[in-house]
Amino acid sequence: MRKRLALLCIGTLLLGGCAPAEFAAKADGAKLPAIVEQGAQGDPSAIFEQVMDGKKKDDIPYVPLGAEVKAAFQGESAPQEGEWEDYILREDGSVKFSAPKSSVVPAVTWGGGAAEFALESNWMTALSSNSADYAPGSALRGFLLKVGEGNEAKTFAFVLRTDPPVVFQQEEVKSSSRATYPSLSCSGTKARSFCRSSSSQRN
């Protein structure tokens, strides 16, 4: 895969520039790891694995929920519209939850060669049975946009790190057993809805 990307980049340079220079993503003042793939791409994991190549989760900029995310494009073929897909990733970049497919980013604003949206929580993070996935800043998410067809097809992708919709903070709770229990903290509209649902089920 890396050889193919290198050859693609060399070929593009001969035509006047390398594809990744056409695209940049930023949020909360940080530049986000991003990539552009030429041609039709069927496997999101393969794309995000390239973005995460040589990186660890903690290397990825943290973006708080509610922050504005901006994806900027350059060139005459820059997309003017499209549907951004939102994936939950493992640390190596592979897609963690693939059913039903991904979440679609709502309320994307296009204009001035850029797409902007507010970072909302992704409900699929609540599918994890690993308590570590509910720690602050533990959600690794990949965003992907596919445009064009055939030889004109391009896939734009970037990754960021944020909070899950439901966050567990480890706090020491005084009890007869002096055990440590997780306390639940809910933030955001979707998280509050999740918490109310969980509470009603317990009652």
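The structure displayed is predicted, hence computed values, not measured ones. If you read the sequence from its start, that first residue is 1, and numbering goes on from there.
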Does any part of the side chain of [Y], heavy atoms only, come nearer than 4.5 Å to the side chain of [X], both counted from C-beta?
X	Y	result
F156	I35	no
K57	R161	yes
P164	S128	no
L140	T162	no
S103	E85	no

What closest approach, in Å, do [X] and [Y] show between heavy atoms, and which atom pair accounts for it?
X	Y	value
T125	P165	OG1-CD, 2.6 Å
V167	A135	CG1-C, 4.4 Å
V69	A27	CG2-CB, 3.9 Å
P64	D28	CD-OD2, 3.4 Å

*Centroid-centroid under 6.0 Å between F158 and W84 rings*: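 So the answer is yes for these two rings.
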
_Pairs where residues 27-67 contributes a residue and the test ring pair (Phe, Tyr, Trp, His ring centres under 6.0 Å) is met, not counting sequence neighbours_ =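 Qualifying pairs: F48-Y87.
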
Between [atom1] on residue [X] and [atom2] on residue [Y], distance to nearest 0.5 Å:
X	Y	atom1	atom2	value
L160	K26	CG	NZ	15.0 Å
T155	L144	OG1	CG	5.5 Å
N122	I88	CG	CD1	4.0 Å

*Verify the distance criterion only: is there a donor paired with an acceptor across the side chains of D92 and S94 at less than 3.5 Å?*
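Yes, side-chain donor-acceptor contact under 3.5 Å.
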
Is it true that atom [atom1] of [X] has more than 12 heavy atoms of other residues, nucleotides or ligands lying nearer than 6.0 Å?
X	atom1	value
K31	NZ	no
N151	CG	no
E68	CD	yes

*Under 4.0 Å between a Lys/Arg side-chain N and an Asp/Glu carboxylate O for D133 and K96?*
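Salt bridge: yes.
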
*Verdict with reasoning, K154 to E37, per side-chain contact (heavy atoms from CB on, under 4.5 Å)*: CA-CA 6 Å; K154 287 185 180 181; E37 285 276 81; over 6 Å; no

*Contact list for residues 104-119, test side-chain hydrogen bond (donor to acceptor under 3.5 Å, both in side chains), sequence neighbours left out*: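 For residues 104-119, and leaving out neighbouring residues, there are no side-chain hydrogen bond (donor to acceptor under 3.5 Å, both in side chains) pairs at all.
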
*side-chain hydrogen bond (donor to acceptor under 3.5 Å, both in side chains) pairs, two or more places apart, involving residues 138-149*: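 Every side-chain hydrogen bond (donor to acceptor under 3.5 Å, both in side chains) pair that includes a residue of residues 138-149, provided the two are not neighbours, is D86-R141.
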
*Could you tell me whether a side-chain N or O of Q80 sits under 3.5 Å from a main-chain N or O of A78, the two making a donor and an acceptor?*
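Side chain of Q80 to backbone of A78: a pair is present.
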
*Main-chain N/O of A126 paired to Y134 side chain as donor or acceptor, under 3.5 Å*: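 A pair under 3.5 Å: yes.
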
*Is there a side-chain contact (heavy atoms from CB on, under 4.5 Å) between M52 and V159 once you walk through the steps?*
CA-CA 8 Å; M52 290 298 296; V159 299; 4.1 Å; yes

